[in-house]
Asks: 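Following this message is one structure expressed as C-alpha cells.
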Amino acid sequence: MTLTVRTAGEEATRAAGYALAEVLRAGDTLLLFGDLGAGKTALVKGIARGLGVSEPITSPTFNILLVHPGRIPLYHIDLYRLDQASQLEDIDYFGTLEAGGVTAVEWGDRFAQAAPPDHLGVSIAILGDTIREITLVPVGPRGTALAGQWLEACRSIPGLEIAR
Amino acid sequence: MSRLVLAFDTATEQVALALGSRDGDRVTTLLGRDFPAPRAALGVLLPTVGELLANAGMTISALTEIVVGRGPGSFTGVRIGVATAKGLAHGAGLPLYGVSTLDALAWRFRDHDGLLGVVGDAMRGEVYPALYRIACGYVERLTPEAVAPPERIAQEWAALDEPLLIAGNGLVKYADRFGEVGRLAPPESWSVTGEGLLAAYAAHLVSGHAGSGDPGALLPIYTRLSDAEENERTRAVGSDLPDSGVAGPGGGS
C-alpha cells in the first residue's frame, strides 16, 4: 500500500506537518528521508508548530539532537553527520526514542539500526521547483494507524493532493 | 573517626542520593534524597548534592569519599552520573568507588529472605536482569551483568524451583510477563535509592571488592555492545560457535 501526498510548496509541506502533529502521540517516531532541499525540515517546522513549540526550528545538522519543549516534547534528530551505527549509542538515540516525546529523525534511513520496530517513514521527493511528493511508509501497527490518520487530516488542507 | 560518604546514581529516571557516615566497613545513612527526574538529571544532580550537604550542615570539604552507581541504565543517565562523580572526585581530591545500579536496588530488599530477581529497563525491548540470594540481611549476587529479551529471562526464572520476588524499573513495561513468574514487589520499591547505594558499597567494603578508589580507573557499566562491536566480535570469533553464543553482552566493566 502506497500513500502519497503532493504538496504545492514549502507552505503546504508545513501545513501537512501541522496536520500530522494533531494526530501524534508521545512515543511516536518519524523517520524522514529525502534529498537536501526536499523539505524535511519544513515538515518538522509544521509539526513543531502543531505541537505547540514556540522556539524556532532549524535543521540539527551540527547539533545532531535538538530538544524542543511543547505540548509533547519534540526530539529533532539529524543523522547526516554520523559515520557509523555505533554512534547511535553515543547520542543515546534509543533512549531518546523512548523518552516520552515525538522523535523526528532526518536522514532516518542512514542506518538500518535506526528504525525502531514501529514507526512512520516519510519520504519526500522533489518533483519540481516547489512541488514535492510525500510518500508514507508505515511500519508496525502504530505507524500504520498514524499514516491513515494523517492522510485523513490532510484532506481539508488546500494545496495538498492525496493519492492512495 | 568516622568518614563522610556521598553516594549518587542517575543511571535510571530516578535520581538517588545519600550522605552516609562510615566506620570501618559499617556505613550508616545520614540523609537521603530519591526522586524521579526523567531526562533532567544533568540539571538537578549537583544542586541536589549542594542541598544535601547544606541540610547536613556540611560542605564538600567534609567528604572523605564518593560512591557512584555505574549502571546499567540509560546511556545518557549512566554518563551523567559517572562523569559528575569523576569530576567531583578529581576536583576535591577524593577517592571514588562504584557500585552496580542493580545491586543498589537489590540492597533495598535486604530484609527479604530468599531469591530476588531485578529487571532494569534496557530499552529497545530488552531488560538488564540480575538474580540475588538474600539471607540474614546479606544480598548475594548470582548472575553477571547482561542484557536480554524479557521473554527469555521470564522463562529462565519460571524454571527456578523456588519462590521469587521481583523488582526493578523494567516492570513498568513488563509487569504482566514477570507477574506470572514470581511475586512483584510494590511499584514504589522498583527504583534505586541512595540508601541502597550505601548498602551495596558497604558490602563491597566487607568483601574487599570496593576497588582502588582511583577516579580515573572507574568504568561505567553499559552492558550492551554496540551493533558494530557485536559484528566485530562475530567476525573475531569465527564460525566455530553457534550464533547464540557469539554476540552476547560483555562483562561491561
Side-chain angles (χ1 to χ4, degrees), chain A residues 25-29 31 51 53 55 60 63-79 81-105 107-119 139-143, chain B residues 10-15 36-43 71-83 101 119-128 147 149-151 169-174 219-236 247 249-250 252:
Chain A
R25 291 200 310 232
D28 284 340
T29 303
L31 301 186
L51 290 178
V53 172
E55 55 196 29
N63 314 74
I64 298 179
L65 165 62
L66 288 171
V67 180
H68 300 290
R71 174 169 60 79
I72 307 171
L74 173 63
Y75 303 122
H76 189 188
I77 296 178
D78 190 337
L79 300 181
R81 284 174 50 82
L82 298 194
D83 301 320
Q84 40 185 313
S86 64
Q87 292 169 324
L88 292 171
E89 297 283 16
D90 295 336
I91 64 166
D92 199 15
Y93 181 80
F94 303 102
T96 305
L97 295 187
E98 296 182 32
V102 164
T103 310
V105 188
W107 300 95
D109 53 349
R110 191 158 168 75
F111 310 105
Q113 296 92 331
D118 200 323
H119 69 269
V139 176
R142 176 61 192 156
Chain B
T10 61
T12 65
E13 293 191 340
Q14 182 85 350
V15 171
R39 294 183 76 78
L42 183 61
S74 88
F75 259 56
T76 300
V78 171
R79 277 182 201 194
I80 289 169
V82 169
T101 298
V119 279
D121 185 1
M123 294 177 279
R124 297 172 76 182
E126 295 186 302
V127 294
Y128 302 118
V147 64
E151 296 79 16
N169 69 344
L171 294 178
V172 174
K173 287 176 185 162
Y174 307 113
L219 291 175
I221 305 173
Y222 288 135
T223 293
R224 182 186 276 125
L225 292 179
S226 69
D227 292 320
E229 287 169 307
E230 285 191 10
N231 294 339
E232 189 55 42
R233 245 191 184 206
T234 309
R235 272 197 300 278

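Letters A, B, ... are given to chains in the order of the sequence lines, protein chains preceding strands, and every chain is numbered from 1.
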Asks: How many angstroms lie between atom CD of Glu126(B) and atom CZ of Phe94(A), to the nearest 0.5 angstrom?
Replies: 10.5 Å
Asks: Can you tell me how far OH of Tyr93(A) sits from CZ of Arg124(B), rounded to the nearest 0.5 angstrom?
Replies: 10.0 Å
Asks: Using every non-hydrogen atom in the two residues, find where Arg39(B) and Ala99(A) come nearest and quote the distance to one decimal.
Replies: CD-CB, 3.2 Å
Asks: Checking Glu13(B) now: which residues fulfil side chain to side chain donor-acceptor pair (under 3.5 Å) with it, not counting sequence neighbours?
Replies: none
Asks: Please identify, among Leu97(A), Ile91(A), Asp90(A), the residue contributing the most non-hydrogen atom pairs under 4.5 Å to chain B.
Replies: Asp90(A)
